[in-house]
J.: 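Sharing a structure here in structure tokens format.
These numbers come from the heavy atoms of this one structure, side chains and all, not from hydrogens, waters or symmetry mates. If you read the sequence from its start, that first residue is 1, and numbering goes on from there.
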Amino acid sequence: MGPHPAVAAIRLAVRRVLHDVLNDITAPDNLTPPHEPPPPPLVLVACSGGADSMALASALAFEAPKLGIRAGGVTVDHGLQEGSDRRAAEVVNRLAALRLEPVEAVAVTVGRDGGPEAAARDARYAALDAAAERHGAAAVLLGHTRDDQAETVLLGLARGSGIRSLSGMAAVTGAGRYRRPFLQIDRQTARKACMVQSLPVWDDPHNTDPAYTRSRLRHDGLPALEKALGKGVVEALARTAQLSRDDADALDDWAAEADASVRDASGQLECVKLYALPPAVRRRILRRAAISAGSPAGSLFARHVEEVDRLITGWRGQGVINLPGRVEAQRQGGRLVIRQG
């Protein structure tokens, strides 16, 4: 008799991602000379001890050896709760019990920039980046599920930042470092996989704390939507994410190609040529230009870009537009100049 359907589902998802990792490693540009066989690649799992990441760790432990891949794990201690160091040590023991090697806990200091959720996320990814570099990992697996994706889409919708904010989390980010095998698997499947494998899980109290936006959305917002619209909301939102990502990628490519055609011989943006472009393409070019001039991407919002866009489409002699990062945009003699002040 085969494994439980939930266990089979998580293993298949991880197997597919591990094949992708191997294919990336063995791409022609990454091949070592024939006399130097490459060492077995290492894939790490980022594990909080919760059901999603414990299910992911168990699937990685099962699938990696069959493909000649070493499997390890990292848990990040954010230090935000009393006893978090003990919890991190317990997670390390659970990962070791799955025969993952290396396994480690990394303690971080969470700042305040961008709010508590964003600050914790920034600290976590910095720690995971450092761990991947330290161990020479080919990839780090993250346990985000289809439910997480649906929540991300709704949060993006609330921000009103356009189609890119609706595209949710990508399956692969960080130049291939981060992989999310469970984006098509719901949270209940991951929890069920842990239960039938008798894997202990830890439920983070922050996930039920109404002080956190995502927690409120998870426990109040999404259930209300499902009650009003039916049980297919999560799946539909995840599908919206993928469709939006495809559209946003296509528009990004179009903007990258069009960028050179709207500049003069000195590289300045020409307002007439920008005006002729579709708004979605033009605003992407403006955003790219602002970021290139030193405006931080995370602080450059749609309203900033729209203000700059009005220098093209609603010119009435406006003055300088101030952007994050001390960047200024102004119209000068038919040219749009974006630079640090």
Side-chain angles (χ1 to χ4, degrees), residues 1-15 17-18 42-66 69-108 110 120-121 123-124 127-128 131 135 137 139-148 151 178-209 212 214-215 218-219:
M1 190 172 78
H4 185 279
V7 176
I10 64 169
R11 288 177 177 176
L12 176 60
V14 167
R15 189 183 318 142
V17 166
L18 293 181
L42 170 67
V43 173
L44 298 173
V45 58
C47 186
S48 67
D52 303 339
S53 57
M54 280 302 298
L56 183 59
S58 71
L60 176 64
F62 183 83
E63 294 291 340
K66 298 194 294 184
I69 293 174
R70 292 182 296 132
V74 179
T75 188
V76 178
D77 174 12
H78 297 86
L80 297 176
Q81 302 162 13
E82 186 177 351
S84 63
D85 55 340
R86 293 193 300 273
R87 179 199 58 78
E90 289 174 5
V91 174
V92 165
N93 289 336
R94 292 171 187 174
L95 295 177
L98 291 171
R99 298 188 178 180
L100 298 184
E101 173 62 35
V103 294
E104 67 172 341
V106 181
V108 299
V110 177
R121 182 175 62 248
R124 180 165 59 254
L128 292 175
H135 295 292
V140 179
L141 305 189
L142 305 174
H144 298 116
T145 64
R146 189 169 66 187
D147 300 73
D148 295 308
E151 294 160 7
Y178 294 106
R179 315 272 175 147
R180 297 178 173 88
F182 286 179
L183 285 184
Q184 300 302 320
I185 290 178
D186 61 68
R187 192 173 288 143
Q188 277 303 111
T189 297
R191 187 169 287 276
K192 185 70 173 178
C194 288
M195 187 180 74
V196 299
Q197 295 180 102
S198 299
L199 292 175
V201 299
W202 174 74
D203 290 314
D204 187 347
H206 282 169
N207 290 337
T208 57
D209 187 342
Y212 293 91
R214 188 178 284 269
S215 174
R218 178 174 302 177
H219 295 284

J.: Verify side chain to side chain contact (heavy atoms under 4.5 Å, CB included) between Arg94 and Val92, making sure each step is shown before the conclusion.
T.: CA-CA 5 Å; Arg94 292 171 187 174; Val92 165; over 6 Å; no

J.: Ignoring hydrogens and angles, tell me if any N or O in the side chain of Arg87 forms a donor-acceptor pair with the backbone of Ser48 under 3.5 Å.
T.: yes

J.: Donor-acceptor pair, distance only, cut-off 3.5 Å: does the side chain of Thr145 make one with the backbone of Phe182?
T.: no

J.: Val74 and Leu128: side chain to side chain contact (heavy atoms under 4.5 Å, CB included), yes or no, with the steps?
T.: CA-CA 8 Å; Val74 179; Leu128 292 175; 4.1 Å; yes

J.: So does Glu63 pair up with Arg11, basic N to acidic O under 4.0 Å?
T.: no

J.: Quick one: do Asp52 and Arg191 make a salt bridge, cutoff under 4.0 Å?
T.: no

J.: Decide side chain to side chain contact (heavy atoms under 4.5 Å, CB included) for Asp77 and Val106; before the verdict, give the C-alpha distance in whole Å, the side-chain angles of both, and the deciding distance to 0.1 Å.
T.: CA-CA 6 Å; Asp77 174 12; Val106 181; over 6 Å; no

J.: Please determine whether side chain to side chain contact (heavy atoms under 4.5 Å, CB included) holds for the pair His78 and Arg124, giving the CA-CA distance in whole Å, both sets of side-chain angles, and the decisive distance to 0.1 Å.
T.: CA-CA 8 Å; His78 297 86; Arg124 180 165 59 254; 3.0 Å; yes

J.: Ignoring hydrogens, what is the shortest heavy-atom contact between Pro102 and Leu42? Give both atom names and the distance.
T.: CD-CD1, 3.9 Å

J.: Using distance alone, with no hydrogens and no angle criterion, decide if His4 and Gln197 have a side-chain donor and acceptor under 3.5 Å apart.
T.: no

J.: Under a 4.0 Å threshold between the charged nitrogen and the carboxylate oxygen, would Arg187 count as salt-bridged to Glu151?
T.: yes

J.: Measure the CG-CG distance between Leu56 and Leu142 for me, rounded to the nearest 0.5 Å.
T.: 8.0 Å

